[in-house]
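Quick caveat, the model's predicted, so the values are computed rather than measured. Whatever order the structure lists them in is the order used to number ligands and atoms, beginning at 1. Values reported hereafter were calculated over all heavy atoms of this structure, with side chains retained and with hydrogens, waters and symmetry mates removed.
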Amino acid sequence: MGCETLSDLKQLREKAAQIRMDLLEMIYRAGGGHAGGSLSSVDILVALYYSVMKLDPKHPDRTDRDRFILSKGHSVEGYYAILSDLGFFPREERTSYRKFRSGLIGHPSNHLPSIDVNTGSLGHGLSIGAGMALAGKMDQKDYHVYVLMGDGEQAEGSVWEAAMAASHYQLDHLTGIIDRNGLQISGDTEQVMALESLKDKWTSFGWEVVEVSDGNNMEELLTAFRRIPSGGHRPHLVIANTIKGKGVSFMENQPQWHHKVPTENEMGQAKKELEAQIREVR
Ligand SMILES: [Mg+2]
């Protein structure tokens, strides 16, 4: 399971800290990007890509591979850092992020290997994921579809159309994940468009819901993902309670870091903090 089968928690935590460093480097170099939401979702992506999902970087189009959709497409930097780390495309391409003629544009592009869907316009990923899961069911395939959404994204009506359809078609090979960091571009999600109780809402739509109290904790994430049964006739939802900007003290829980570029000094400080985290894990 997973591309690299990093089963050791230490290895996975170290990988997450390294990916945080890589994604900030990309944003700093490019002069643009979405640090806050990328940092909050890194642990979810690392758990899925290095331990949970069935994927093969040498054969990214295998029909039996698990599928992943980054519906919160703006948080693309961690996604690119992971895909290049795993060898889906060369690591060197990271330096071209957001540059003219680069394949690494500011939101996921299906021109890149293993990226099935262009995202960024919020609220579309779950519908597409439901379609993939329905196709798998009709074709009697065993792959699982994972869709990572933002919590601000829950205000999009199309999310709930997909929720209803996935339940209607009993898509038990579909898992939605909400990066529940409590913030969106314009502030606190409960002030912009109150979401709670999210768990009750999704349960009432017929989904099997698991809440991860610390969605930046690798052990808790893996436990939640591994408990998801492949049967049961219900789609699954993981609400991962995360911290926006996780891993860098001055970015944590600060809405302005949704779309802000670190200065040279800030980048230096962030690196120091992340290097300390790597040393601590080792
Ligand atoms: Mg959010």
Q: Taking the side chain as C-beta and beyond, is there a heavy-atom pair between Pro262 and Ile27 under 4.5 Å?
A: yes

Q: Is the closest side-chain donor-acceptor distance between Glu273 and Gln269 under 3.5 Å?
A: yes

Q: Does NZ or CZ of Arg29 lie under 6.0 Å from the centre of the six-membered ring of Tyr97, at an angle within 45° of the ring axis?
A: no

Q: Sort by chain and number the protein N/O/S atoms that are closer than 2.8 Å to the Mg ion (ligand 1), and list them.
A: Asp151 OD1, Asn181 OD1, Leu183 O

Q: Could you check whether atom CD of Glu196 has more than 12 heavy atoms from other residues, nucleotides or ligands sitting under 6.0 Å from it?
A: yes

Q: Charged N to carboxylate O under 4.0 angstrom, Asp8 versus Lys15?
A: no

Q: Does Glu77 pair with Arg94 as a salt bridge, N-O distance under 4.0 Å?
A: no

